Amino acid sequence: MKVYINGKFYEKKDAKISVFDHGLLYGDGVFEGIRSYNRLVFKLKEHIDRLFESAHTLMLDIPLTRKEMMKAVLSTLKTNGLKDAYIRVVVTRGEGDLGLDVRKCRGRACIIIITDKITLYPDKLYKKGLEIITVPTVRNLPEALNPQIKSLNYLNNILAKIEAVNSGVEEAIMLDSLGYVAECTGDNIFIAKGGQLYTPPQCMGTLRGITRDTVLEIAAKKKILGHEHVLTRHELYNSTEAFLTGTAAEIIPVVKVDGRVIGGGKPGDITLMLMKEFKKLTKTEGVKYK
Ligand code: PXG
């Protein structure tokens, strides 16, 4: 497996960057997780646009154009001969000194592209559905570190994941600072009720997930109303279906929330339809590579 670092490919064991990189010292950097299916990179432009938007807010200059970044992703996939892959793009502030001041980072930003295989949850959970719980750690306040920035600082999401795993479940629901449902640690959340879909709006400390947007598009095509609406835990508990969306997890049904059974404890019809349609889309849509 070869890793791209600043335009060159390195064997995994040689793929190393400086201990003075501010990505390590301060979590000062941005990232994206992207997937390819049968040599088609799904929503590549959307992911690269979000990466550049995250970097722009952090005043982090990426020394490639968006087009060049897309080419770098495709060439990493080709170099590794991967048909189906999970792609991690990381851009760090680069080497600096032991201080926060970004002006001391005289080198350029560091670009890393890793391609690998990934399955987030065991296959049987896609059939049976997940149990999730609400955890104490809340999502970042948008006025502190806006969750739209996919930064290298994911510590509160990591804490939330630890809290879920400590309680014996695979995933955590994170609330916003007002106590409304925000999202999970690396996935967005949806519920269905009365044949309609609801997901928290992005202003509530929720990342505007690319899979989330895709699900809303599929639902619209299928004439299912999708709402971006604040959600309370009460609404989650009393939904008829629930599921999570994310690039790594794709769409995964949820059948239990904080001990309350959802929709009879089985993945619902809308969820199953969306999973099927999403799979179809990933087979036909995307940027091709050989
Ligand atoms: N919420 C958060 C907080 C995320 O980090 C999503 C939702 C889903 O967004 P997309 O655009 O992928 O539909 C993410 C996704 C992983 C992993 O390895 C994924 C993410 C972050 C960290 C880890 O599963 N990002």
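Everything numeric in this text was worked out from a predicted model, so none of it was measured. Computed from heavy atoms alone, side chains included, the values below leave out hydrogens, waters and symmetry copies.
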Participant: Would you find more than 12 non-hydrogen atoms of other residues, nucleotides or ligands less than 6.0 Å from Y180 atom OH?
Facilitator: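 No.
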Participant: Of all heavy-atom pairs between L152 and V91, which one has the smallest distance, and what is that distance?
Facilitator: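 Closest approach of L152 to V91: CD1-O, 4.4 Å.
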Participant: Between E163 and T137, do the side chains contain a donor N or O and an acceptor N or O under 3.5 Å apart?
Facilitator: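 Judged by distance alone, the side chains do pair up.
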Participant: Checking side-chain hydrogen bond (donor to acceptor under 3.5 Å, both in side chains) against R139, which of N157, D176, T206 comes through?
Facilitator: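 It is N157; the other options fail the test.
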Participant: Heavy atoms, side chains only, cut-off 4.5 Å: are V73 and L44 in contact?
Facilitator: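 Touching, per the 4.5 Å side-chain cut-off.
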Participant: Run the side-chain hydrogen bond (donor to acceptor under 3.5 Å, both in side chains) check on E250 and Y126 step by step: do they pass?
Facilitator: CA-CA 10 Å; E250 301 170 310; Y126 286 85; 4.9 Å; no
Participant: Which atoms form the tightest heavy-atom contact between A182 and G205, and what is the distance?
Facilitator: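 What the structure gives for the nearest pair is CB-O, 3.7 Å.
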Participant: Run the side-chain hydrogen bond (donor to acceptor under 3.5 Å, both in side chains) test on N156 and N140 for me, step by step, so that the C-alpha distance in whole Å, both residues' side-chain angles and the decisive distance to 0.1 Å come before the verdict.
Facilitator: CA-CA 7 Å; N156 60 339; N140 281 335; 2.9 Å; yes
Participant: For F20, enumerate each residue passing the ring-ring contact (aromatic ring centres under 6.0 Å, His included) test, keeping only those at least two apart in sequence or located in another chain.
Facilitator: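 Partners of F20 by the ring-ring contact (aromatic ring centres under 6.0 Å, His included) criterion come out as none, since no residue qualifies.
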Participant: Please confirm whether the backbone N or O of L64 pairs with a side-chain atom of K67, one donor and one acceptor, at under 3.5 Å?
Facilitator: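 Pair absent, no side-chain N/O of K67 close to backbone of L64.
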Participant: Just checking, is any N or O donor in the side chain of E171 or T185 under 3.5 Å from an acceptor N or O on the other one?
Facilitator: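 Looking only at side-chain atoms, T185 and E171 do form a donor-acceptor pair, the distance falling under 3.5 Å.
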Participant: Show the nearest heavy-atom pair for residues L197 and A192, with the distance to one decimal.
Facilitator: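 Heavy atoms of L197 and A192 come nearest at CD2-CB, 4.0 Å.
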Participant: Has T247 got a side-chain atom pairing as donor or acceptor with R35's backbone, closer than 3.5 angstrom?
Facilitator: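 Not a single qualifying donor-acceptor pair exists.
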Participant: Examine distances only and state if a side-chain atom of S239 and a backbone atom of A242 form a donor-acceptor pair shorter than 3.5 Å.
Facilitator: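 Not confirmed, S239 side chain does not pair with A242 backbone.
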Participant: Please report the C-alpha distance between S36 and Y289 in whole Å, then the side-chain angles of each, then the deciding distance to 0.1 Å, and finally whether the side-chain hydrogen bond (donor to acceptor under 3.5 Å, both in side chains) criterion is met.
Facilitator: CA-CA 10 Å; S36 74; Y289 59 97; 2.9 Å; yes
Participant: Of all the heavy-atom pairs spanning I5 and C110, show the shortest one and how long it is.
Facilitator: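 For I5 and C110, the tightest heavy-atom pair comes out as CG2-SG, 4.2 Å.
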Participant: So, does S151 use its side chain to make a donor-acceptor pair with the main chain of N153 at under 3.5 Å?
Facilitator: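 Side chain of S151 to backbone of N153: a pair is present.
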Participant: Check each of L77, I112, I113, N80 against Y4 using the side-chain contact (heavy atoms from CB on, under 4.5 Å) test, and report the only one that passes.
Facilitator: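 Only one of L77, I112, I113, N80 forms a side-chain contact (heavy atoms from CB on, under 4.5 Å) with Y4, namely I113.
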Participant: Take atom NZ of K117 as the centre, draw a 6.0 Å sphere, and report whether it contains more than 12 heavy atoms from other residues, nucleotides or ligands.
Facilitator: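 Check passes, neighbour count above 12.
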Participant: Could you grab the distance from atom CG of D187 to atom OG1 of T245, nearest 0.5 Å is fine?
Facilitator: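 Between atom CG of D187 and atom OG1 of T245 there are 6.5 Å.
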Participant: Identify the residue among K150, H47, R88 that makes a side-chain hydrogen bond (donor to acceptor under 3.5 Å, both in side chains) with E32.
Facilitator: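 The option that passes is H47.
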Participant: Using side-chain contact (heavy atoms from CB on, under 4.5 Å) as the criterion, list what pairs up with C105, not counting sequence neighbours.
Facilitator: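 Applying side-chain contact (heavy atoms from CB on, under 4.5 Å) to C105 gives H22, R93.
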Participant: I173 and V135: side-chain contact (heavy atoms from CB on, under 4.5 Å), yes or no, with the steps?
Facilitator: CA-CA 6 Å; I173 296 171; V135 296; over 6 Å; no
Participant: With a 3.5 Å distance limit and no angle check, can you tell me whether E285 reaches the backbone of T282 through a side-chain donor-acceptor pair?
Facilitator: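 Side chain of E285 to backbone of T282, a donor-acceptor pair under 3.5 Å: no, none is there.
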Participant: Around atom NZ of K12, are there more than 12 heavy atoms of other residues, nucleotides or ligands at under 6.0 Å?
Facilitator: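 At most 12 heavy atoms, drawn from other residues, nucleotides or ligands, come within 6.0 Å of this atom.
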Participant: For M69 and I48, which heavy atoms make the closest approach, and how far apart are they?
Facilitator: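 In this case the closest contact between M69 and I48 is CG-CD1, 3.7 Å.
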Participant: Using a strict 4.0 Å threshold on nitrogen-to-oxygen distance, state whether R212 and E183 make a salt bridge.
Facilitator: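 So R212 does not pair with E183 through a salt bridge.
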Participant: Do other residues, nucleotides or ligands put more than 12 heavy atoms under 6.0 Å from H56 NE2?
Facilitator: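 Open.
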Participant: Is there a donor-acceptor contact under 3.5 Å from the side chain of K104 to the main chain of E95?
Facilitator: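 Not at all, since once roles are kept as given, no pair shorter than 3.5 Å links the two residues.
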Participant: Show your working on side-chain hydrogen bond (donor to acceptor under 3.5 Å, both in side chains) between T214 and E217 and close with a plain yes or no.
Facilitator: CA-CA 5 Å; T214 306; E217 279 164 28; 5.1 Å; no
Participant: Ring-plane angle category for F42 and Y37, please: parallel below 30°, perpendicular beyond 60°, tilted otherwise.
Facilitator: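 Answer is perpendicular, since the angle exceeds 60°.
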Participant: Quick one: closest heavy-atom pair of V181 and L175, and the distance?
Facilitator: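 V181 and L175 have their closest heavy atoms at CA-CD2, 3.8 Å.
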Participant: Taking Q148 for its side chain and R208 for its backbone only, find out whether a donor-acceptor pair lies under 3.5 Å.
Facilitator: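 Side chain of Q148 to backbone of R208: a pair is present.
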Participant: Is the distance from the ring center of F31 to that of Y154 below 6.0 Å?
Facilitator: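 Ring-ring flag for F31/Y154: true, centres closer than 6.0 Å.
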Participant: Please list every donor-acceptor pair under 3.5 Å in which a side-chain atom of residues 260-278 meets a protein atom from a residue at least two apart or in another chain.
Facilitator:
residue, atom, partner, partner atom, Å
R260, NH1, D258, O, 2.8
T271, OG1, E241, OE1, 2.6
E277, OE2, K280, NZ, 3.2

Participant: Calculate, to the nearest 0.5 Å, the distance between atoms CD and CD1 belonging to Q196 and I191 respectively.
Facilitator: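 Rounded to the nearest 0.5 Å, the CD-CD1 separation comes to 11.0 Å.
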